[in-house]
Participant: 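Sending over a structure as structure tokens; questions will come in a sec.
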Amino acid sequence: ADTHGSSRVWLEPSIERSNARDADLFVQLGDQIEDTMANDAENLIMGSFLDECCRLYASRGKAAIFVRGNHECQGIQAWKYGTYFPRPDGKGYFSFSQGPALFVVLDAPANHGGMPINEVIAGAYLAEQAAWLADLKKTEAWRKATFRIVMAHIPMTLGGGDRLAEIFREVLVDKSKDGRIHLYLAGHM
């Protein structure tokens with residue numbers, strides 16, 4: 001996470017140093033573009049980030065998950081992010097199972113400071129995800145998962161996580177065997 005356009009420099013060495021070349025799944029936890037989606041989104045996304053991901057992952061038949069960060073939510077071209085990572089339902093949050101794990105991807109990048117209407121819209125979108133996650137906990141996929149792993153750009157404790165913690169607290173902080181989250185992966189910091 002938070003490589004801010006330096007994928008050509010760090011991505012391959014980090015895979016080599018961590019012996020991750022044969023990993024089944026790669027996760028990008030947000031803020032992969034240079035700064036914000038203010039100008040020239042195509043070059044920011046395609047120029048180094050997706051080119052490198054395709055070269056390192058797709059060319060080897062490896063899966064990759066992309067989580068939106070706060071820099072992908074900023075700027076006048078932020079709306080274009082979804083055109084590069086389209087989902088049939090139009091949402092930026094989803095879940096999937098791989099082996100014994102259920103992965104839950106939250107689209108919870110950061111506070112959208114500045115304009116009050118953006119705060120209202122972002123808060124409603126986060127509340128929608130919390131309700132979706134509560135419903136997900138009632139599914140067979142949730143019940144049969146040995147491990148439940150949540151991924152989001154922002155951690156629940158620092159750098160914008162205070163609002164996330166407030167919205168997601170009830171659904172994420174569940175220490176019961178049936179409701180427990182085993183791992184929360186975040187970027188941003």
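These figures come from a predicted structure and were not determined experimentally. Quick note: numbers below take in every heavy atom, side chains included, and nothing from hydrogens, waters or symmetry partners.
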Participant: Tell me whether Phe94 is reachable from Phe66 by hopping between hydrophobic residues (I, L, V, M, F, W, Y) whose side-chain heavy atoms are closer than 4.5 Å.
Facilitator: no
Participant: Would you check if there is a donor-acceptor pair between the side chains of Ser176 and Asp178 at a distance under 3.5 Å?
Facilitator: no
Participant: If you look at every heavy atom in Leu172 and Val150, which pair is closest and at what distance?
Facilitator: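 Nearest heavy atoms, Leu172 then Val150: CD2-CG2, 4.0 Å.
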Participant: If we ignore hydrogens and angles and just use 3.5 Å, is the side chain of Lys62 paired with the main-chain N or O of Phe26 as donor and acceptor?
Facilitator: no
Participant: Please examine the side chains of Phe103 and Leu185, heavy atoms only from C-beta on, and report whether any two atoms are closer than 4.5 Å.
Facilitator: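 Side-chain contact under 4.5 Å: no.
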Participant: Are Trp132 and Val105 in one and the same hydrophobic cluster, where Ile, Leu, Val, Met, Phe, Trp and Tyr link if side-chain heavy atoms are under 4.5 Å apart?
Facilitator: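 Different hydrophobic clusters.
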Participant: How long is the straight-line distance from CG of Leu56 back to CD of Glu12, given to the nearest 0.5 Å?
Facilitator: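 Between atom CD of Glu12 and atom CG of Leu56 there are 5.0 Å.
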Participant: So which atom in Leu106 and which in Tyr93 form the shortest heavy-atom distance, rounded to 0.1 Å?
Facilitator: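 Residues Leu106 and Tyr93, closest heavy atoms: CA-CB, 4.1 Å.
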Participant: Minimum heavy-atom separation for Leu136 to Ser95, with atom names?
Facilitator: CD1-OG, 3.7 Å
Participant: Same cluster for Val67 and Val104 if Ile/Leu/Val/Met/Phe/Trp/Tyr side chains link at under 4.5 Å?
Facilitator: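 No: no chain of side-chain contacts under 4.5 Å links Val67 to Val104.
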Participant: Using the ring of each side chain (for Trp, its six-membered ring), is Phe147 parallel, tilted or perpendicular to His182, with breaks at 30° and 60°?
Facilitator: perpendicular
Participant: Hey, is the main chain of Ala64 close enough, under 3.5 Å, to the side chain of Gln28 for a donor-acceptor pair?
Facilitator: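 Checked: no pair found.
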Participant: Could you walk me through whether Arg55 and Leu11 satisfy the side chain to side chain contact (heavy atoms under 4.5 Å, CB included) test, starting with their C-alpha distance in whole Å, then the side-chain angles of each, then the deciding distance to 0.1 Å, before giving a yes or no?
Facilitator: CA-CA 11 Å; Arg55 185 177 68 79; Leu11 192 54; over 6 Å; no
Participant: Could you tell me whether a side-chain N or O of Arg143 sits under 3.5 Å from a main-chain N or O of Lys138, the two making a donor and an acceptor?
Facilitator: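 A pair under 3.5 Å: yes.
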Participant: Is there a donor-acceptor pair under 3.5 Å between the side chain of Asp31 and the backbone N or O of Asn70?
Facilitator: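 Yes, the answer is positive, given that a donor and an acceptor are paired below the 3.5 Å cut-off.
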Participant: Side-chain heavy atoms nearer than 4.5 Å, only ILVMFWY residues, links allowed to pass through others: does that put Ile181 and Leu102 together?
Facilitator: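 Yes: a chain of side-chain contacts under 4.5 Å links Ile181 to Leu102.
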Participant: So for atom CD, which belongs to Glu170, do other residues, nucleotides or ligands contribute more than 12 heavy atoms lying within a distance under 6.0 Å?
Facilitator: no
Participant: Where do Gly187 and Pro155 come nearest, in terms of heavy atoms and distance?
Facilitator: O-CD, 3.7 Å
Participant: Is Arg17 atom CZ crowded by more than 12 heavy atoms from other residues, nucleotides or ligands, each under 6.0 Å away?
Facilitator: no
Participant: Once the angle between the rings of His153 and His188 is folded into 0 to 90°, is it parallel (under 30°), tilted (30 to 60°) or perpendicular (over 60°)?
Facilitator: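 Taking His188 first and then His153, their aromatic rings stand perpendicular (interplane angle over 60°).
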Participant: What do the steps show when you test Ile65 against Phe96 for side chain to side chain contact (heavy atoms under 4.5 Å, CB included), and what is the final call?
Facilitator: CA-CA 11 Å; Ile65 300 298; Phe96 66 96; 3.7 Å; yes
Participant: Do the side chain of Arg148 and the main chain of Trp142 share a donor and acceptor less than 3.5 angstrom apart?
Facilitator: yes
Participant: Hydrophobic cluster membership, with links at side-chain heavy-atom distances under 4.5 Å among I/L/V/M/F/W/Y: are Leu133 and Val173 in one?
Facilitator: no
Participant: List the atom of Ile154, the atom of Tyr184, and the distance in Å for their closest heavy-atom pair.
Facilitator: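 Smallest interatomic distance, heavy atoms only, reads O-OH, 2.8 Å.
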